[in-house]
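Throughout, residue positions are numbered sequentially from 1 according to the sequence presented.
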Amino acid sequence: MHNKTNNRSFGILFFIVFLIIGLWPLLSGEILRLWSVILSLIFLLLGLINSKLLTPLHKAWIQLGITLGKVIAPLVMLVIFFAIVTPIGLLLKIFGKDLLKIKKNKLAKTYWTLRENIKSMDRQF
């Protein structure tokens with residue numbers, strides 16, 4: 001399930017993350033975050049020796065990603081729907097557009113759309 005390569009990558013990833021957190025204050029002239037640098041070195045060491053100590057942390061990290069994906073994806077889709085699709089639909093309704101041609105017409109004998117100039121379907125692409 002979680003092999004040593006995954007633990008190595010996980011350890012190195014968190015080494016980089018905590019090293020950046022530790023060194024970031026230096027850009028604004030503040031002091032080094034020693035706790036973060038020490039934690040990054042621990043992750044580097046555990047990652048390089050392929051420690052099994054990283055397995056539970058890696059599993060927890062993967063589970064967090066799965067949980068966030070289940071929560072964030074529907075929220076993003078909700079925002080997209082209500083920010084883009086709904087206003088467009090309302091505008092189309094206000095201007096009386098029927099893009100799907102689903103309005104009923106009592107005078108029409110058929111809803112079949114006649115096509116002219118239909119070319120051969122042998123070479124579609």
| query | How far apart are the closest heavy atoms of F43 and F15, and which atoms are they? | reply | CB-N, 3.8 Å
| Candidate pair T55 and N7, rule side chain to side chain donor-acceptor pair (under 3.5 Å), full reasoning | CA-CA 6 Å; T55 301; N7 282 343; 2.9 Å; yes
Can you give the donor-acceptor pairs under 3.5 Å from side chains of residues 76-99 to other protein atoms, not counting sequence neighbours?
unit_1, atom_1, unit_2, atom_2, d
T86, OG1, F81, O, 3.2
D98, OD1, K101, N, 3.4
D98, OD1, I102, N, 3.2
D98, OD2, I102, N, 2.9
D98, OD2, K103, N, 2.9

| note | Shortest non-hydrogen pair, P74 vs G69, comes out as CD-O, 4.0 Å
| task | Mind checking the CG-CG spacing from L13 to L44? Nearest 0.5 Å is all I need. | result | 12.0 Å
| query | Looking at side-chain heavy atoms only, is the closest gap between L57 and L54 below 4.5 Å? | reply | yes
| message | Measuring from atom CZ of F10 to atom NZ of K59, what distance do you get when rounded to the nearest 0.5 angstrom? | response | 12.5 Å
| With a cutoff of under 4.5 Å between side-chain heavy atoms, which Ile, Leu, Val, Met, Phe, Trp and Tyr residues group with L114? | W112
| Can you check whether Y111 reaches N105 side chain to side chain, under 4.5 Å on heavy atoms? | yes
| query | Mind checking whether I62 and V71 sit in one hydrophobic cluster, side chains of I, L, V, M, F, W, Y counted as touching below 4.5 Å? | reply | no
| Minimum-distance pair of heavy atoms, taken over all atoms of N50 and R8 | ND2-NH2, 3.0 Å
| task | To the nearest 0.5 Å, tell me how far I66 CD1 sits from W61 CH2. | result | 12.5 Å
What pairs of donor and acceptor atoms, side-chain ones from residues 17-33 against any protein atom, are under 3.5 angstrom apart with sequence neighbours left out?
unit_1, atom_1, unit_2, atom_2, d
S28, OG, P25, O, 3.3
S28, OG, E30, OE2, 3.4
R33, NH1, I21, O, 3.0

